[in-house]
Each structure stands twice: as structure tokens, then as C-alpha cells.
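Input: a single structure, listed below in C-alpha cells.
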Amino acid sequence: MTDVREILLTELRGQRRRVIATLSGLPDETLVRSRLPSGWSPLGMVRHLTYDVEHFWFQCVVADVAIDLPTDDEVWHPDVWPDARAVVEAYEAAGARSDAVIESTPLDALPSDQARATYPGAPNRNLMATMVHVITETATHAGHLDIDRELIDGHQHLVLTEFTTQSARRTQRRPGNVTRD
């Protein structure tokens, strides 16, 4: 029988590793600068994943642990940025704490009445649905970071070798494709 919890944990851990790998090798000053009109930076994104995703969903909502979470502005635009290694270590530690909650909580467990009262805007969904939500959000933000990294130095997580130029796209043949020459 397939262990759903292990499948979900494996996917979540893989997305977390992708987030961290995308930042690898970049200097701190690059990681705190935004290249996008929305104003987020790579380290701001990792802090968002740490506090607003890992801490909030698994510690606060699922485990009903009272945590004094930073404001959105403190997460995305702190007065003084911590060094990148500290941000990554905080994300890794949050992931480890989340994993412990996930491993010790039934997949069908709903948030406690206290957690629902403390976080009235959080949906009343079970752990499995929360895990799917967090995997989706983490994967989405990993994709955002992939794009930002490509803008920074051209590094690509997903390398499209034969399909990146317009002429290659016109001549690319795939099984089942109809050629319109």
C-alpha cells in the first residue's frame, strides 16, 4: 500500500531543496535586491516561505503553537537583512519542525478549536489538504525564484536546450505533432 504521508513529505522536501538550491552561489547583496515591479527579493521570498508558510500552516494552524509571527513588511522588507546563510538555516529549521508536526499528526486531523479561534481566516481543512496547499505554494515560489535567478545570472533550473530559440521551435518535431510546412 502506498504511504500518502511519505509521498507528500518527499515532494515537500524536494521543493524546499529546490528553493535553497536556486539561491546557491549568489552573494547576499544580490539576494536582497528586487528585479521585479512587485518589489520582492529572493531572501524576502525565503523568509515568506519560512514564516507565512511553514511556521503559519504547520506550527500555528496544525500544531496550535503560539508563535509571534513578523508582519508582512518585516518579512519582505526588514530594516536590516540577516545574512543569507541565517535566512536559509531558519528556513531549514522551520521545515524540520514542520516535518515533525506532519509525522506526528493524523492526515485527517483538522485544526483545533483554539487554532481556528486564533486564526479565523484559515480554512478548516485537514493536514493532508494543508500539505497539498503548502507543496503548491512552495513549488510556485520556487518557480518565481527560478525566474529571478535567470534574470540575475542566466542560471536555469529547467534547461530548455533544443527549444529555446525561435528557429528551433519551428523545426522541432515531436511524435504526434502535425507539420504545417
Side-chain angles (χ1 to χ4, degrees), residues 1-28 30-32 40-78 80-116 118-119 121-146 148-149 155 157-158:
M1 184 163 138
T2 303
D3 183 357
V4 173
R5 180 187 322 269
E6 195 54 41
I7 290 169
L8 293 172
L9 266 172
T10 298
E11 183 60 29
L12 180 54
R13 289 171 179 153
Q15 292 302 327
R16 290 177 187 143
R17 284 190 302 274
R18 181 174 162 208
V19 164
I20 293 167
T22 302
L23 304 181
S24 180
L26 293 174
D28 285 14
T30 300
L31 294 172
V32 298
W40 65 265
S41 68
L43 278 191
M45 183 66 76
V46 175
R47 288 169 52 87
H48 165 68
L49 288 167
T50 301
Y51 296 109
D52 303 330
V53 179
E54 297 284 347
H55 281 318
F56 177 74
W57 288 113
F58 295 119
Q59 295 294 306
C60 298
V61 176
V62 174
D64 193 19
V65 174
I67 297 175
D68 187 20
L69 294 170
T71 66
D72 284 345
D73 201 43
E74 291 168 336
V75 168
W76 293 98
H77 307 286
V80 177
W81 282 97
D83 69 77
R85 187 69 221 146
V87 171
V88 169
E89 287 172 357
Y91 181 55
E92 291 171 328
R97 283 189 298 278
S98 295
D99 287 357
V101 169
I102 291 165
E103 290 168 346
S104 66
T105 304
L107 288 175
D108 62 351
L110 294 170
S112 70
D113 290 341
Q114 178 60 40
R116 289 177 49 215
T118 304
Y119 308 103
N124 189 29
R125 62 179 169 216
N126 65 27
L127 173 61
M128 186 165 58
T130 297
M131 289 181 72
V132 170
H133 169 80
V134 170
I135 290 166
T136 302
E137 186 164 357
T138 304
T140 299
H141 291 323
H144 293 136
L145 288 167
D146 285 342
D148 199 51
R149 177 68 188 254
H155 173 80
H157 173 77
L158 175 63

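Looking at Y51 and T71, their side chains never come closer than 4.5 Å, going by heavy atoms from C-beta outward. Within the 4.5 Å cutoff, the side chain of L12 has heavy atoms near those of the E54 side chain. Looking only at side-chain heavy atoms (C-beta outward), H141 and Q15 stay at 4.5 Å or farther from each other. Taking 4.5 Å as the limit, some side-chain heavy atom of E6 sits within range of a side-chain heavy atom of T10. Taking the side chain as every heavy atom from C-beta outward, V132 and T136 approach each other to under 4.5 Å. Using a 4.5 Å cut-off on side-chain heavy atoms (C-beta onward), V53 and H48 make contact. I20 is listed as a side-chain neighbour of Y91, based on a closest heavy-atom distance under 4.5 Å. At a threshold of 4.5 Å between non-hydrogen side-chain atoms, the residues V61 and T130 do not count as touching.
Atoms CG and CE, on N126 and M128 in that order, are 5.5 Å from each other to the nearest 0.5 Å. The distance from the CG atom of D28 to the CG atom of D83 is 5.5 Å, given to the nearest 0.5 Å. Between the NE2 atom in H155 and the CG atom in L26 there is a gap of 8.5 Å [rounded to 0.5 Å]. Note that the CG atom of L107 and the CZ atom of R5 stand 4.0 Å from one another [nearest 0.5 Å]. Here the CG atom belonging to D52 is positioned 7.5 Å from the CG atom belonging to L69, to the nearest 0.5 angstrom. For the atom pair OG1 of T105 and CG of L110, the computed distance is 11.5 Å after rounding to the nearest 0.5 Å.
In terms of heavy-atom proximity, P123 sits nearest to W57 at CD-CH2, 3.5 Å. The two residues W76 and P78 come nearest to each other via the heavy atoms C-CD, 3.6 Å. Nearest heavy-atom pair across R18 and A139 is NH1-O, 4.1 Å. Across all their heavy atoms, L23 and R149 have their closest contact at C-NH1, 3.8 Å. Taking all atoms of both residues into account, the shortest heavy-atom contact from C60 to A115 is O-CB, 3.9 Å. Shown here for D146 and T22, the closest heavy-atom pair between the two residues is OD1-OG1, 3.2 Å.
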(message) Please evaluate residues L127 and F58 with respect to the criterion side-chain contact (heavy atoms from CB on, under 4.5 Å), reporting the C-alpha separation (whole Å), side-chain torsions for both, the decisive distance (0.1 Å), and the verdict.
(response) CA-CA 9 Å; L127 173 61; F58 295 119; 3.9 Å; yes
(message) side-chain contact (heavy atoms from CB on, under 4.5 Å) for M131 and L9? Distances and angles first, verdict last.
(response) CA-CA 8 Å; M131 289 181 72; L9 266 172; 4.2 Å; yes
(request) Start with the C-alpha distance between T50 and E92, add both sets of side-chain angles, then the distance that settles side-chain contact (heavy atoms from CB on, under 4.5 Å), and finish with yes or no. (result) CA-CA 8 Å; T50 301; E92 291 171 328; over 6 Å; no
(message) Go through it in stages, so that I can follow the logic: the residues are V101 and R97, the test is side-chain contact (heavy atoms from CB on, under 4.5 Å), and I'd like the CA-CA distance, side-chain angles, deciding distance and then a yes or no.
(response) CA-CA 6 Å; V101 169; R97 283 189 298 278; 5.8 Å; no
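No donor-acceptor contact under 3.5 angstrom links the side chains of H77 and D73, judged on distance only.
A donor-acceptor contact shorter than 3.5 Å is absent between the side chain of Q59 and the backbone of F56. The backbone N or O of L8 lies less than 3.5 Å from no partner atom in the side chain of R13, so there is not a single donor-acceptor pair.
Between D64 and R116 there is no salt bridge, since no side-chain nitrogen of the basic residue lies less than 4.0 Å from a carboxylate oxygen of the acidic one.
Seen from the ring of W40, R47 does not count as a face-on cation partner, given the 6.0 Å and 45° thresholds.
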